[in-house]
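Remarks on the structure that follows.
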Amino acid sequence: MTTRADTPPDTSAQLLEVFKALANPVRLQLLQWLREPERHFPVDQGIADPHEVGVCVSHIQAKTGLAQSTVSAYMASLQRAGLVRATRVGKWTHYRRDEQRIAELVDQLGSFL
């Protein structure tokens with residue numbers, strides 16, 4: 001039988017970081033858009049494959065209508081939570097979902113609760 005005392009403290013901290021990131025409706029929307037980048041972003045204008053490398057932060061900014069600094073802060077929060085990965089292509093940063101990490105977090109959540 002597993003109890004809360006048996007749950008590693010880092011699991012709680014990781015889940016809290018994820019919940020904080022997802023508590024913002026814009027960050028949650030960004031994560032949903034990144035699930036199907038070809039549907040939500042102008043991938044024909046991109047310089048990299050949106051599934052392999054990600055979506056350029058400038059395309060994310062254009063879609064949200066937010067300042068570049070706000071988008072970067074939101075994406076950094078999602079990255080700290082382990083929900084997205086960042087890749088630099090030249091001077092541009094691209095973001096994509098970390099599907100493996102998301103699946104691990106879902107499993108952790110199921111075990112934790």
Distance-only donor-acceptor pairs under 3.5 Å for side chains of residues 26-36, two or more places apart:
residue	atom	partner	partner atom	Å
Arg27	NE	Ala21	O	2.8
Arg27	NH2	Lys20	O	3.1
Glu36	OE1	Arg39	NH1	3.1

Mind checking whether Pro37 and Arg96 have side chains closer than 4.5 Å, heavy atoms only? no
Arg88 meets the salt bridge (charged side-chain N to carboxylate O under 4.0 Å, His left out) criterion, sequence neighbours left out, with none
Distance check, rounded to the nearest 0.5 Å: His59 atom NE2 versus Trp92 atom CH2? 10.0 Å
Interatomic distance, Leu105 atom CG to Gln100 atom CD [nearest 0.5 angstrom]: 11.0 Å
Find out whether Asn24 and Tyr74 are in side-chain contact, i.e. whether some heavy atom of one side chain is under 4.5 Å from a heavy atom of the other. yes
Evaluate the side-chain proximity of Val53 to Val89: yes if any heavy-atom separation is below 4.5 Å, no if none is. yes
Using the rule given for side-chain contact (heavy atoms from CB on, under 4.5 Å), can you reason through Val57 versus Tyr95, listing the C-alpha separation, both sets of side-chain angles and the distance that settles it, and then say yes or no? CA-CA 7 Å; Val57 73; Tyr95 290 95; 4.2 Å; yes
So side chain to side chain donor-acceptor pair (under 3.5 Å) across residues 62-71, not counting sequence neighbours, yields Gln68-Ser72
Answer yes or no: are there more than 12 heavy-atom neighbours, outside Arg85 itself, under 6.0 Å from its atom CZ? no
To check you understand the geometry: which heavy-atom pair defines the closest contact between His94 and Gly54, and what is its length? CD2-O, 3.3 Å
How long is the straight-line distance from NZ of Lys91 back to OG of Ser58, given to the nearest 0.5 Å? 10.0 Å
Between Met75 and Val84, is a side-chain contact (heavy atoms from CB on, under 4.5 Å) present by the stated rule, with each step listed? CA-CA 8 Å; Met75 298 311 295; Val84 299; 4.3 Å; yes
Using side-chain heavy atoms (C-beta onward) and a distance below 4.5 Å, is Ile102 in contact with Arg97? yes
Closest non-hydrogen atoms of Ala86 and Gln79, given as atom of the first, atom of the second and distance, are CB-NE2, 3.6 Å
